[in-house]
Amino acid sequence: MPGRTIDLHTHSLASDGSDRPAALVRKAAAAGLAAVALTDHDSLDGLAAAAAEAELSGIEVIPGIEIAVRDDFGELHLVGLWMPEPSPRMRQALAEFKENRARRNQAMLEALARLGLPLRMEDVRREGGVSIFGRPHLALAMRRRGYVTTRREAFDRYLGWGEKAYVPRELLSAEEGIGLLKGEGATVILAHPCLYPFMTPPRLEATLSRFSAAGLDAVEAYHSSHDAAGTRLCVELAARHSLLLSGGSDYHGLHKEGIVLGRGRGNLRIPYSLLEKLRERRREAGLWV
Ligand code: AMP
Ligand code: ZN
Ligand code: FE
Ligand code: FE
């Protein structure tokens, strides 16, 4: 069917989105999308509910995840699609991500307390769902407490990179992260490469060259925060490195204002053909689809 569109990057209450996984899938179906991927940060906990809802809503749901890795110039994000039931290695990695986050959240709470802005972990937990807590939840708790008036202000003054209460998180190297996801048989995508201020075209070229050697499958060319030039650059460089294309809104529900499922900031229309190409490559590699 021509004209069908998809969204391969979304977040639910299983990380820092505001929708329950099933509600997110229902919204995607109601929006007329042909397929949606749930890609929560560091968590597979929303996938079972999303899959169950897929059956009822008649929309394809691709099980996914988003993880952060460290690279030469800073933190980069990888999206893994077609995530299976986790292997022992993946379970271990997810447990470590959770522990690292807990330690880091605690350190950020201590930093905030030193700045005269005390919060309890309990206050932070109240802002989220089930599994993963991070800076977005701290920002929401700070706003609820009246320490800041917007989430944005919490990041700009305290939680953003290098700000007063910022604590770095231990991350896998890019090669380790790609290897972890490939080890699960996932399709690995470099998420929103043009989102990062440090990502110049030559750096992106070098990154794609190294990452494709490590097993990267695709580049997220279509994303809410990519402008036309960024998208075009991704498309060109992907072709040069024999990488496929992906796209998603990075929808977070109420927790990222102005981003609509499947449409981003109004600029997205991601064709179903991208998903078909990703599937085709998996079939060729003998992987499930
Ligand atoms: P964490 O995973 O705990 O390091 O939090 C990272 C998340 O916080 C990202 O996925 C973004 O959604 C959000 N975030 C990071 N930097 C900012 C910022 N400057 N303003 C608003 N949100 C941000
Ligand atoms: Zn997020
Ligand atoms: Fe991301
Ligand atoms: Fe994301």
Side-chain angles (χ1 to χ4, degrees), residues 7-19 21 24 36-43 45-46 62 64-70 74-81 83 94 96-109 111-112 121 124-125 127-129 131-143 148-172 177 188-198 220 222-226 246-259 261-262 264-265 268:
D7 190 335
L8 300 181
H9 188 158
T10 70
H11 298 273
S12 76
L13 270 176
S15 63
D16 56 1
S18 66
D19 288 347
L24 188 154
V36 64
L38 181 62
T39 58
D40 276 305
H41 302 280
D42 296 350
S43 172
D45 292 347
I62 318 296
I65 193 168
E66 181 174 22
I67 66 171
V69 295
R70 70 184 136 76
E75 180 179 320
L76 295 177
H77 291 183
L78 300 172
V79 163
L81 297 182
M83 290 294 290
L94 292 172
E96 280 168 20
F97 295 159
K98 214 169 193 172
E99 281 165 29
N100 289 343
R101 280 183 174 278
R103 262 201 305 279
R104 181 228 206 176
N105 288 339
Q106 195 53 46
M108 286 193 292
L109 290 184
L112 286 170
M121 198 53 217
V124 177
R125 289 190 168 274
E127 303 295 341
S131 353
I132 284 301
F133 296 90
R135 289 181 289 160
H137 305 102
L138 264 78
L140 291 167
M142 290 173 75
R143 187 178 66 184
V148 291
T149 48
T150 62
R151 217 181 73 100
R152 170 92 201 235
E153 187 191 349
F155 275 95
D156 288 350
R157 297 180 62 189
Y158 302 104
L159 305 175
W161 190 85
E163 298 305 331
K164 288 197 278 282
Y166 176 76
V167 176
R169 183 155 68 93
E170 278 173 55
L171 297 173
L172 299 180
V188 185
I189 299 157
L190 179 63
H192 45 64
C194 301
L195 177 70
Y196 311 102
F198 58 77
E220 192 175 61
Y222 306 94
H223 184 272
S224 301
S225 61
H226 281 186
S246 186
S249 64
D250 217 345
Y251 172 79
H252 283 67
L254 300 172
H255 294 169
K256 218 177 234 182
E257 282 139 40
I259 296 192
L261 199 53
R265 298 183 199 280
L268 289 179

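Counting starts at 1 for both ligands and their atoms, following the listed order. Just so you know, these numbers use all the heavy atoms, side chains as well, and skip hydrogens, waters and symmetry mates.
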[atom] [closest protein heavy-atom partner, distance rounded to 0.1 Å]:
| atom | result |
| --- | --- |
| atom 3 (O) of ligand 1 | R135 N, 2.8 Å |
| atom 10 (O) of ligand 1 | H41 CE1, 3.5 Å |
| atom 13 (C) of ligand 1 | F155 CZ, 3.7 Å |

With a cut-off of 4.0 Å, which atoms of ligand 1 are near a heavy atom of [X]?
| X | value |
| --- | --- |
| R104 | 1 (P), 3 (O), 4 (O) |
| R151 | 21 (C), 22 (N) |
| G134 | 3 (O) |
| K256 | 12 (O) |

Is [X] close to ligand 1, meaning an N/O of one under 3.5 Å from an N/O of the other?
| X | answer |
| --- | --- |
| D156 | no |
| R101 | yes |
| E75 | no |

May I ask whether G160 places a heavy atom under 4.0 Å from ligand 1? no
Would you indicate whether the side-chain heavy atoms of [Y] and [X] approach each other to under 4.5 Å?
| X | Y | value |
| --- | --- | --- |
| E163 | F155 | no |
| L112 | M142 | yes |
| F198 | E75 | no |
| I189 | L8 | no |
| H226 | P193 | yes |
| L24 | Y251 | yes |
| D42 | K98 | no |
| L38 | T10 | yes |

Closest to the Zn ion (ligand 2), which N/O/S atom of H41 is it? NE2
E170 and salt bridge (charged side-chain N to carboxylate O under 4.0 Å, His left out): which partner among R101, R104, R103? R103
Less than 4.0 Å from atom 7 (C) of ligand 1, is there any heavy atom belonging to the protein? yes
Is there an N/O/S atom in H11 at a distance below 2.8 Å from the Zn ion (ligand 2)? no
Mind checking whether the Zn ion (ligand 2) has an N, O or S of D16 under 2.8 Å? yes
Distance-only donor-acceptor check, side chains [X] and [Y], under 3.5 Å:
| X | Y | result |
| --- | --- | --- |
| D7 | S249 | yes |
| E66 | H11 | yes |
| H252 | D16 | yes |

About how many Å separate OG1 of T39 and CG of L81, when rounded to the nearest 0.5 Å? 7.5 Å
Heteroatoms of the protein, restricted to N/O/S, which lie under 2.8 Å from the Fe ion (ligand 4): H9 NE2, H11 NE2, E66 OE1, D250 OD1
